[in-house]
Amino acid sequence: MAGTFTFTIIKPGAVTNEHIGPILNEINKGGFHISAMKMIKLRTTQAQNFYAIHKEKAFYDALIKFMTSGPIVVAILEKENAVEEYRKLIGSTDPAKAEEGTIRKLFAQSMQQNAVHGSDSDCNAAIESTFFFSKSERFSIFDRREF
Ligand code: ATP
Ligand code: MG
């Protein structure tokens, strides 16, 4: 069964360009619930851990520099089949190839400064969410009571 949550980062360029609000609006319009969120600045070691899979790539050093260049917004998003649905909402890694109406088409500046991160599997969504949020900072929509 597909998972019900994914993890996202609004990257430094998008924060600097005042795109936090518009991106969150797209996320809500896409039917996602925000179940955890905060603004932080990554330390170099955190960025290196997060992107360890790309360590051998030519763009790695520039990516670490970029991701630590300013504040980011990290969040956990809930929806049925969240990982796949969110990858559809954000579009291709390269904004030039991203589909019309996707978050990256709307807000990305380049392949590196592509506005947002989205988890690529349920397993990574769980790892990434735990990396940034403690249990007491997560508020699942499935646990909320009406009042
Ligand atoms: P993310 O993991 O951030 O959601 P993604 O899964 O679409 O993006 P990855 O292949 O995991 O893409 O690459 C991670 C990030 O590294 C990209 O979002 C982008 O910021 C940067 N990146 C990837 N490929 C390149 C490239 N060829 N040149 C510069 N930066 C790149
Ligand atoms: Mg990725």
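All values reported here derive from a predicted model rather than from experimental measurement. Every number for a ligand or one of its atoms is a count from 1 in the order of the listing.
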If we only count heavy atoms from C-beta on, is the Thr93 to Arg104 side-chain gap below 4.5 Å? yes
In the protein, what heavy atom is nearest to atom 5 (P) of ligand 1, and what distance, to one decimal place, separates them? Thr93 OG1, 3.6 Å
Could you identify the single nearest non-hydrogen protein atom to atom 19 (C) of ligand 1 and state the distance to 0.1 Å? Met111 O, 3.3 Å
Would you mind checking which non-hydrogen protein atom is closest to atom 22 (N) of ligand 1, with the distance to 0.1 Å? Phe59 CE1, 3.6 Å
Write out the residue and atom name of the closest protein heavy atom to atom 3 (O) of ligand 1, then the distance separating them to 0.1 Å. Lys11 NZ, 3.0 Å
Nearest non-hydrogen atom to atom 8 (O) of ligand 1 belongs to which of Arg87, Arg104, His117? Arg104
Which class fits the ring pair Phe59 and His54: parallel under 30°, tilted 30 to 60°, perpendicular over 60°? tilted
Does Lys55 count as lying over the ring of Tyr60, i.e. NZ or CZ under 6.0 Å from the six-ring centre, within 45 degrees of the axis? no
Closest approach of Leu24 and Ile10, non-hydrogen atoms and distance? CD2-CD1, 4.2 Å
protein heavy-atom neighbour closest to atom 21 (C) of ligand 1 works out as Leu63 CD1, 3.8 Å
Identity and separation of the nearest protein heavy atom to atom 20 (O) of ligand 1: Gln112 O, 2.9 Å
Single-linkage hydrophobic cluster, 4.5 Å side-chain cutoff, Ile27 and Ile20 together: yes
Among all the protein's non-hydrogen atoms, which is closest to atom 17 (C) of ligand 1, and how far away is it? Asn114 ND2, 3.6 Å
If you draw the axis of the six-membered ring of Phe133, does the NZ or CZ of Lys38 fall within 45° of it and under 6.0 Å from the ring centre? yes
At under 4.0 Å between heavy atoms, is it the side chain or the backbone of His54 that contacts ligand 1, or both, or neither? side chain
Determine whether more than 12 heavy atoms belonging to other residues, nucleotides or ligands lie under 6.0 Å from atom CD of Gln109. yes
Taking NZ in Lys97 as the centre, count heavy atoms belonging to other residues, nucleotides or ligands within less than 6.0 Å. Is the count above 12? no
With heavy atoms and a 4.0 Å threshold, my read on which part of Tyr51 contacts ligand 1 is side chain
Side chain or backbone, does Val116 bring an N or O within less than 3.5 Å of an N or O on ligand 1? no
